[in-house]
Peer 1: 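I have a structure I would like to understand better, so I am pasting it below and will then ask my questions one at a time.
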Amino acid sequence: MKKLDNLLEKDLHIVEKRKILFAIPLAIIVVAIVTAIIFNFTLGSPFNLGTDFTGGYSIDVKLGNRLTDDNYNSYCRRIEDVLSTVTTEDGKEYSVRIDNMQRQGSGDSTAIHVKYHAVKGVSEAEMIDVINPAIKSELEDEILMLIPAVATADKTVTLTYNEIISAPTLADLKNTFVKLAETLNADNNAGMTFDGDAADSVKLDENDSHKVVISFATINASSELDAALASGMKISDKYAGSVTQGDLIGATVSTELLFNAVLAVSLALIFMLCYIGIRFQLSSGLACIIALLHDILIMFSFMAICRIEINSTFIAALITILGYSINNSIIIFDRVRENMRSVFNANMSAEDIANKSIRETLLRSINTTITTLLMILMVAIIGVPDIRIFAFPIIIGLLAGTFSSICIAPSFWALFQRVGKKSGDRTFNKKPLKTKTEKGETEARA
């Protein structure tokens with residue numbers, strides 16, 4: 001730690017190395033532009049925009065107490081499988097891209113809220129009248145079902161359901177199994193043979209009415225066969241829940257959200273410029289705004305490169321980082337102001353003032369970033385997927401904000417001071433104001 005302190009106390013000449021430091025974010029932005037162009041031609045969009053911006057639809061799969069922490073991911077995978085290939089009544093197949101899924105409610109009202117994009121090349125009328133009903137129907141058929149646990153032992157397969165199997169349901173299972181056995185023997189070489197009829201081999205367990213036992217003369221047991229039996233022998237459960245079509249996120253709403261987001265960020269930048277310009281110097285305010293624009297571009301660049309969804313959560317992360325980054329920059333410019341006023345720095349250049357201010361606040365900036373970063377990393381590692389989507393841009397923004405407040409803002413401030421001096425600004429030729437401490441030292445020497 002002592003070696004680190006000694007290193008940070010040295011003058012790193014960051015301002016003089018601005019060309020190299022400026023090249024780093026510039027390279028990232030160039031890579032992002034190239035990546036966005038490639039994605040635009042291959043995937044149809046340079047950014048992975050969520051339904052908050054592009055418009056879309058939502059649907060609620062209500063499962064009540066059946067939805068638990070243990071089976072939540074399983075239900076989500078099943079919903080993804082359903083929407084990956086949706087077949088309408090006329091036989092057309094569509095692949096629906098999911099925006100996000102999240103658990104909502106508690107107890108009997110627990111549900112999975114699904115937001116998905118409109119199918120490209122399909123009109124809004126067709127989505128509402130044809131595809132959305134097909135999605136609802138397939139979710140009801142595939143999700144609101146009892147899927148048995150399959151256990152194979154020698155020539156016997158036991159199907160265990162969560163509900164008691166009634167006589168009518170057992171009769172339906174026998175008919176279903178007859179057709180399934182023919183398909184599995186034909187397509188998957190299951191090798192199923194029976195001592196009698198296939199339907200007679202399906203019986204209810206004498207000791208447990210939750211279990212159905214299927215007896216074979218021969219069978220080629222495998223994990224693939226178990227999965228096929230589980231899928232093929234599922235039964236409808238009228239008490240499993242319901243599927244409710246949700247809201248339409250129209251293009252008008254999305255456009256308004258985008259406009260409001262841009263307006264909020266723009267107003268924030270303007271007010272920050274005014275405050276810093278009054279509190280410090282106009283050049284300090286301009287340098288801070290450039291640093292914030294750097295943070296915004298870097299965050300968008302990584303979202304484009306990593307193809308991470310941009311939604312309202314990202315806007316919240318963006319505004320959070322703007323506040324964090326401007327705080328770091330203000331700390332440095334507070335030291336810049338004090339160093340400019342000091343009588344001991346009267347003959348220092350703008351670059352020297354900036355470097356000294358960076359050196360005096362560097363350890364504080366790094367420590368603050370590390371402690372914040374550790375907390376966000378824990379959230380990203382342990383948190384649910386929705387939280388991770390928020391954590392990633394925060395992590396990128398923290399790193400970008402720390403870099404810009406240390407390297408970008410002071411360097412641009414020094415450049416502005418040099419330009420101002422050439423045009424007649426005598427900032428560094430004025431007699432510096434003495435602080436109270438310096439006045440006391442001067443009187444004491446007198």
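Bear in mind that the values here come from a model prediction, so they are computed numbers and not experimental data. Count residues from 1 along the sequence.
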Peer 1: Which distance, rounded to the nearest 0.5 Å, do you find between the CD1 of Ile28 and the CD1 of Ile298?
Peer 2: 4.5 Å
Peer 1: Give a yes-or-no answer on whether the side chains of Asn355 and Glu16 include a donor-acceptor pair shorter than 3.5 Å.
Peer 2: yes
Peer 1: Taking the six-membered ring for Trp, are Phe194 and Phe177 ring centroids under 6.0 Å apart?
Peer 2: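 Under 6.0 Å, so yes.
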Peer 1: Whether Arg97 engages the ring of Tyr116 as a cation-pi pair (distance to the six-membered ring centre under 6.0 angstrom, angle to the ring normal within 45°) should be assessed.
Peer 2: no
Peer 1: Within the 3.5 Å criterion, strictly below it, is a donor on Ser201 or Asp195 matched to an acceptor on the partner's side chain?
Peer 2: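 Short answer, no.
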Peer 1: Near Met375 CE, under 6.0 Å, is it more than 12 heavy atoms from other residues, nucleotides or ligands?
Peer 2: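 Open.
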Peer 1: Could you check Asn65 against Thr110 for side chain to side chain donor-acceptor pair (under 3.5 Å), going step by step and ending with a plain yes or no?
Peer 2: CA-CA 7 Å; Asn65 292 320; Thr110 306; 5.3 Å; no
Peer 1: Does a donor on one side chain sit under 3.5 Å from an acceptor on the other, for Ser325 and Asn328?
Peer 2: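 There is no such pair (donor and acceptor under 3.5 Å, judged by atom type) between the side chains of Ser325 and Asn328.
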Peer 1: Tell me, with the steps shown, if Phe22 and Phe412 meet ring pair (Phe, Tyr, Trp, His ring centres under 6.0 Å).
Peer 2: CA-CA 10 Å; Phe22 289 175; Phe412 270 100; 5.1 Å; yes
Peer 1: Report the distance from atom OG of Ser242 to atom NZ of Lys136, rounding to the nearest 0.5 Å.
Peer 2: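 Here the interatomic distance stands at 8.0 Å.
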Peer 1: Of the non-hydrogen atoms in Pro148 and Leu159, which two are nearest, and what is the gap between them?
Peer 2: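 Distance-wise, the nearest heavy atoms are CB-CB, 3.9 Å.
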Peer 1: Take atom CD1 of Ile20 as the centre, draw a 6.0 Å sphere, and report whether it contains more than 12 heavy atoms from other residues, nucleotides or ligands.
Peer 2: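 Open: at most 12 neighbouring heavy atoms sit under 6.0 Å from CD1 of Ile20.
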Peer 1: Are Thr156 and Ser215 close enough that a side-chain donor and a side-chain acceptor fall under 3.5 Å?
Peer 2: no
Peer 1: Determine whether the aromatic ring centres of Phe403 and His294 lie less than 6.0 Å apart.
Peer 2: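 Yes; His294 has its ring centre under 6.0 Å from that of Phe403.
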Peer 1: Tell me whether the count of non-hydrogen atoms from other residues, nucleotides or ligands lying under 6.0 Å of CG in Asp90 goes above 12.
Peer 2: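 It does: Asp90 CG has more than 12 such atoms within range.
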Peer 1: Establish, from distance only, whether the side-chain atoms of Ser166 and Thr169 form a donor-acceptor pair under 3.5 Å.
Peer 2: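 The answer is yes; a qualifying pair exists.
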Peer 1: Any side-chain donor-acceptor pair under 3.5 Å between Tyr57 and Glu124?
Peer 2: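 No, because no side-chain N or O of Tyr57 sits under 3.5 Å from a partner of the opposite role on Glu124.
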Peer 1: So with a 6.0 Å cut-off around NZ of Lys234, is the heavy-atom count from everything else above 12?
Peer 2: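 Correct, the count exceeds 12.
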Peer 1: Quick check: are there more than 12 heavy atoms from other residues, nucleotides or ligands sitting under 6.0 Å from NZ of Lys174?
Peer 2: yes
Peer 1: Can you confirm whether or not the ring centre of Phe392 sits under 6.0 Å from the ring centre of Phe314?
Peer 2: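 No.
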Peer 1: Please step through salt bridge (Lys or Arg N to Asp or Glu O under 4.0 Å) for the pair Asp81 and Arg78, ending with a clear verdict.
Peer 2: CA-CA 5 Å; Asp81 291 340; Arg78 289 167 61 187; over 6 Å; no
